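Here's the structure, in structure tokens; my notes come after.
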There are 2 protein chains.
Amino acid sequence: MARSAAPALDRDRLVGAAFALLEEEGLEGLSMRRLAARLGVQAPALYWHIADKGELLGLMAQDIYAPAYAGVPHAAHWRDWLRGFGHALRATFATHRDGARLCASAPAPRDRDVADHAARIAAPLAALGLDQGRALAFVASVISFALGWASFEANGPMHDYLDEMLDFDESFDIGLKALVSGFADACPGR
Amino acid sequence: MARSAAPALDRDRLVGAAFALLEEEGLEGLSMRRLAARLGVQAPALYWHIADKGELLGLMAQDIYAPAYAGVPHAAHWRDWLRGFGHALRATFATHRDGARLCASAPAPRDRDVADHAARIAAPLAALGLDQGRALAFVASVISFALGWASFEANGPMHDYLDEMLDFDESFDIGLKALVSGFADACPGR
DNA sequence: ACCTGAACACCGTTCAAGT
DNA sequence: ACCTGAACACCGTTCAAGT
């Protein structure tokens, strides 16, 4: 009953090593060949487990976004939830080197059930009384802002000067607060 | 008095051809070798006119941003100016294929006088009564939002679904309005 | 089922050498 | 001053072949 040896690789080991490589070398250093070398394997071996580099980036992006959704503290109002989500996004982008750039360049997942995905994303806001249309629009706005801010902070055209002039954390907070409280105008009633 | 022939290349021709190539092939197709081929020249010739690909991307990013600043309609209030700027940014990102991705990935210019640059950016808002600190923070927020929105729209994790659910132009407008009107809270007095 | 070896069609960049 | 030829050190990906 000798079973054959377990495969050396699987998707989890692959993605894990990719994150380690990203941390050490940054996004430009994240090549399939280097990843293979770190795993003690030849580059083509990776293609048994994933279709192409785009899929790898997509898996990594999911792992970056996931804790942001999971990490939003309980909120009594959808505005509080959005603010919490914005801060969680900023934190998760900061956790991984080049995290925002990776998420911006990762292709959208192919096979995912997008309707289901969108429903899950809108769910926390729907539970707080927001219709799905507005919920998605607001979430999209907050993600865009956080994503854009991280890109801008990393290498925007006036980074050097802003670095002296501005507290990035505080200014992000101001922008996020403004964005979310401004959503009130787009909501009837309250 | 026979003068030597004019050089075949200069920075303007180079950047112009780069934009044409970008339009046809997208950001992944914008390689130094293809650019050289389109100009009827060998790749190393490009390096006489620019230091590296980063500099080329930086020049292109400037040409993308510039009309956004120039195209903001006259405004009586800094909030109107910011909204106009946001729409101008969205328009200019849409004008060039992969415009936002290019701007997000272009390295910051090296030699520029950043203090002067920032002062010029803040100037229209300063003329409308805003202090430079807030002016920069607000401009940074609007750029981040527009940049992030364009990235998100291009290949965000829920693009396919949003495409059916959401009018991107309208939702951008809602987000921009929310952001700008929310800045009132960060301003004392009015 | 899972991985290797060799190859294909590319990159950005450097540098001596030509004119 | 401006450009070529040849090279270096890489890429992502495919595919027959091995085990």
Side-chain angles (χ1 to χ4, degrees), chain A residues 1-19 21-22 24-61 98 101-102 104-110 155, chain B residues 1-19 21-22 24-61 98 101-102 104-110 155:
Chain A
M1 40 168 42
R3 300 232 259 77
S4 59
L9 247 52
D10 56 28
R11 283 160 83 101
D12 284 352
R13 275 208 352 117
L14 210 154
V15 172
F19 270 112
L21 188 56
L22 180 70
E24 289 172 20
E25 312 278 357
L27 193 54
E28 352 295 323
L30 180 57
S31 80
M32 299 299 270
R33 296 174 114 108
R34 281 155 99 109
L35 178 55
R38 162 182 280 268
L39 287 161
V41 105
Q42 297 306 114
L46 305 178
Y47 291 84
W48 182 261
H49 303 276
I50 54 168
D52 51 27
K53 190 178 181 179
E55 187 179 2
L56 173 63
L57 295 177
L59 291 170
M60 295 176 78
D98 289 331
R101 276 175 67 209
L102 190 152
S105 67
R110 290 224 164 286
N155 65 348
Chain B
M1 39 167 47
R3 297 235 258 78
S4 59
L9 248 51
D10 55 28
R11 284 162 81 102
D12 284 352
R13 279 212 345 119
L14 210 152
V15 172
F19 270 112
L21 188 57
L22 180 69
E24 290 172 20
E25 312 278 359
L27 194 53
E28 353 295 323
L30 180 56
S31 80
M32 299 299 270
R33 296 174 114 109
R34 282 156 101 109
L35 178 56
R38 163 182 279 269
L39 287 162
V41 103
Q42 298 304 118
L46 304 178
Y47 291 85
W48 182 262
H49 302 276
I50 53 167
D52 52 27
K53 190 178 181 180
E55 188 180 3
L56 172 63
L57 295 176
L59 290 170
M60 296 177 78
D98 288 332
R101 276 174 68 208
L102 191 153
S105 68
R110 291 225 162 285
N155 66 349

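In this text the structure is predicted, and so the values were computed from the model without any measurement.
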*asked:* I need the minimum non-hydrogen distance between A:Met32 and A:Leu46, along with the two atoms involved.
replied: O-CD1, 3.2 Å
*Taking B:Arg11 for its side chain and B:His49 for its backbone only, find out whether a donor-acceptor pair lies under 3.5 Å.*
yes
_Minimum heavy-atom distance between B:Leu56 and B:Ala18, given as atom pair plus value_ = CD1-CB, 4.0 Å
_First and last nucleotide of DNA chain D, 5' to 3', lying under 4.0 Å from heavy atoms of chain A_ = D:dC11 to D:dC15
*For B:Leu102 and B:Leu27, which heavy atoms make the closest approach, and how far apart are they?*
N-CD2, 4.1 Å
*Got a sec? Which of residues 44-55 of chain B come in under 4.0 Å of DNA chain D, heavy atoms?*
B:Pro44, B:Ala45, B:Trp48, B:His49
*asked:* Whether the side chain of A:Arg101 engages the backbone of B:Ser105 through a donor-acceptor N/O pair (distance < 3.5 Å, no angle test) should be reported.
replied: no
*In residues 10-19 of chain A, what residues come within less than 4.0 Å of DNA chain D, judged by heavy atoms?*
none
*Residues in contact with DNA chain C, drawn from residues 27-42 of chain A - heavy-atom cutoff 4.0 Å*: A:Arg33, A:Val41, A:Gln42
*Do you know which two heavy atoms are closest between A:Leu39 and A:Ala17, and how far apart they sit?*
CD2-CB, 3.7 Å
*Could you pull out the closest heavy-atom pair between B:Leu9 and B:Arg13, with the gap in Å?*
CD1-NH2, 3.8 Å
*Out of curiosity, A:Leu21 CG to A:Arg34 CZ, how far, rounded to the nearest 0.5 Å?*
6.5 Å
*With sequence neighbours excluded, residues passing ring pair (Phe, Tyr, Trp, His ring centres under 6.0 Å) with B:Phe19*: B:His96
*Where is the tightest heavy-atom contact between A:Leu30 and A:Leu57, given as atom of each residue plus distance?*
CD2-CD2, 4.1 Å
_Nearest-angstrom distance, C1' atom, C:dC10 to D:dA9_ = 13 Å
_Electrostatic pair B:Glu24:B:Arg38 at N-O distance under 4.0 angstrom_ = yes
*Please, what dot-bracket string fits DNA chain D when only Watson-Crick and G-U pairs with both distances under 3.5 Å count, crossing ones use [ ] and pairs to another strand use |?*
||.|||||...|||||.||
